[in-house]
2 protein chains.
Amino acid sequence: MLGEPIRDRRAERREATKAEILDAAWAIAREEGLAALSLRDVARRVGMQAPSLYGYFDSKMAIYDAMYAQGCEQFVAAERWDQMTGDARHDIGLILRTMVQFCTADAARYQLLFQRTIPGFEPSPESYAISVAELDRLSAHLATCGLTEPGDIDMFTALGTGLTDQQISNDPGGDRWVRLIDDAVEMLVDHVEKKAARSKRPARSNGARNGRKAR
Amino acid sequence: MLGEPIRDRRAERREATKAEILDAAWAIAREEGLAALSLRDVARRVGMQAPSLYGYFDSKMAIYDAMYAQGCEQFVAAERWDQMTGDARHDIGLILRTMVQFCTADAARYQLLFQRTIPGFEPSPESYAISVAELDRLSAHLATCGLTEPGDIDMFTALGTGLTDQQISNDPGGDRWVRLIDDAVEMLVDHVEKKAARSKRPARSNGARNGRKAR
DNA sequence: GTCTATATCCAGATAGAC
DNA sequence: GTCTATCTGGATATAGAC
């Protein structure tokens with residue numbers, strides 16, 4: 001009788017082609033803008049005619065969705081939890097730097113993952129789940145760094161996207177905002193510590209809104 | 001002889017129609033997404049056929065450009081310099097709150113003014129000049145609040161866009177990040193003061209990276 | 001100043017031959 | 001699995017009548 005082959009060469013080939021298509025899509029998004037993506041351009045770049053793409057993806061939005069999922073997985077892969085030391089300032093700096101560097105490295109990817117600028121696109125539940133899981137992981141790690149209040153996490157993400165956004169919009173390719181990362185970490189941690197100290201002695205700090213430093 | 005009329009009713013009517021067209025364009029941008037703007041839709045909304053728009057704007061990009069200029073002017077008009085008191089924390093809070101509220105009030109406007117997501121669009125020099133002038137004014141006012149270093153201003157703008165971005169992307173219509181504004185101001189001002197104190201005594205602070213609070 | 005008609009082009013998507 | 005051919009609809013923009 002015929003033995004089952006170990007590898008499914010058909011499926012492998014198919015996955016490779018899908019990856020090729022997505023690579024082409026990313027290249028166009030980076031060069032022409034995420035919203036400028038067209039099936040014709042993608043097809044031409046991989047040496048196909050546009051209708052052939054439908055053998056691999058159901059629609060243009062399905063391509064966006066696959067790109068979204070891929071971007072999320074790249075984000076997960078970029079994390080460096082193993083380099084955390086237990087020192088809050090070091091670890092928060094590590095996480096923030098990783099985030100900002102990842103985002104500024106590819107503005108189109110940042111736009112797809114973190115902004116809502118493509119009319120009609122929203123990630124499928126499966127793709128979105130990848131992103132939610134990663135955010136949970138991020139929150140958990142930040143909590144071990146002392147960012148335990150929801151507001152602390154939100155301030156952290158605001159700093160991350162703010163530095164990223166300014167860097168991409170106003171100094172693409174440079175480091176004008178990237179180089180503020182260490183400063184931002186110090187600022188954030190100082191602030192969280194100050195708030196923690198204040199909440200320990202709520203009576204003392206009451207009404208003394210300026211002039212005196214906590215601790 | 002024929003006296004010159006005081007008012008040019010023709011020109012007035014024309015400007016009014018242009019304004020009507022822009023209003024329609026903004027409405028579509030808000031409802032369907034900035035990138036989803038089409039001349040047909042705009043025309044239909046003002047009761048015209050698409051070609052008639054060319055009597056008022058040279059191209060679709062010219063409409064985007066007029067929207068950009070209009071948005072910049074609205075930003076200028078939203079400023080409340082007259083409410084500044086001279087107290088740094090109050091004034092920085094005022095400016096930051098004004099910025100974030102202005103931006104979150106209209107996500108499409110924020111996208112057009114502060115992000116680069118429309119393929120092929122960039123503001124004309126005349127429109128861009130409005131924006132540059134406003135940024136200069138902003139920097140000058142922030143300088144009177146003690147944000148004198150370029151990095152301080154950059155940190156301020158990063159905080160502003162970060163809070164705005166997160167608010168728009170992850171809690172549209174809510175206030176999850178907006179309510180962090182006061183906290184952010186305190187955090188920023190504390191940090192700037194700490195840096196200023198440190199730079200006054202560079203020798204003492206050298207190597208003492210944590211543990212001791214400045215001042 | 002606005003219209004109709006049209007030019008030109010491009011988009012996403014489908015049918016069916018090979 | 002990829003192609004050609006085509007459908008359908010949309011886009012921006014122009015020409016010219018009224």
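Sequence lines set the chain letters: A, B, ... in the order given, protein chains first and strands last, and positions in each chain run from 1.
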Pair A:Arg45 + A:Asp23: basic N to acidic O under 4.0 Å: no
Candidates D:dA13, D:dC3, C:dA11 - which lies nearest the side chain of B:Pro51: D:dA13
Of the listed nucleotides C:dA13, C:dT2, D:dG1, the one nearest the side chain of A:Tyr56: D:dG1
Would you say the side chains of [X] and [Y] form a donor-acceptor pair under 3.5 Å?
X	Y	result
A:His191	A:Asp152	no
B:Gln83	B:Asp91	no
B:Thr104	B:Gln167	no

Rounded to the nearest angstrom, tell me the gap between atom [atom1] in [X] and atom [atom2] in [N].
X	N	atom1	atom2	answer
B:Lys60	D:dT12	NZ	C1'	8 Å
B:Tyr54	C:dA5	OH	P	19 Å
A:Arg44	D:dC3	CZ	P	14 Å
A:Ile28	C:dA11	CD1	P	10 Å
A:Glu32	C:dC10	CD	P	13 Å
B:Leu39	D:dA13	CG	P	6 Å
A:Ile118	C:dA11	CD1	C1'	15 Å
A:Glu20	D:dT2	CD	P	10 Å

Charged tip of A:Arg109 within 45° of A:Phe114 ring normal and under 6.0 Å: no
Indicate whether OP1 or OP2 belonging to [N] is found under 4.0 Å from a side-chain N or O atom of [X].
X	N	value
A:Ser52	D:dG1	no
B:Arg40	D:dG10	no
A:Ser38	C:dA11	yes

B:Arg14 vs A:Ser59, nearer the 5' end of DNA chain C by closest nucleotide: B:Arg14
A:Asp58 vs B:Gly47, nearer the 5' end of DNA chain C by closest nucleotide: B:Gly47
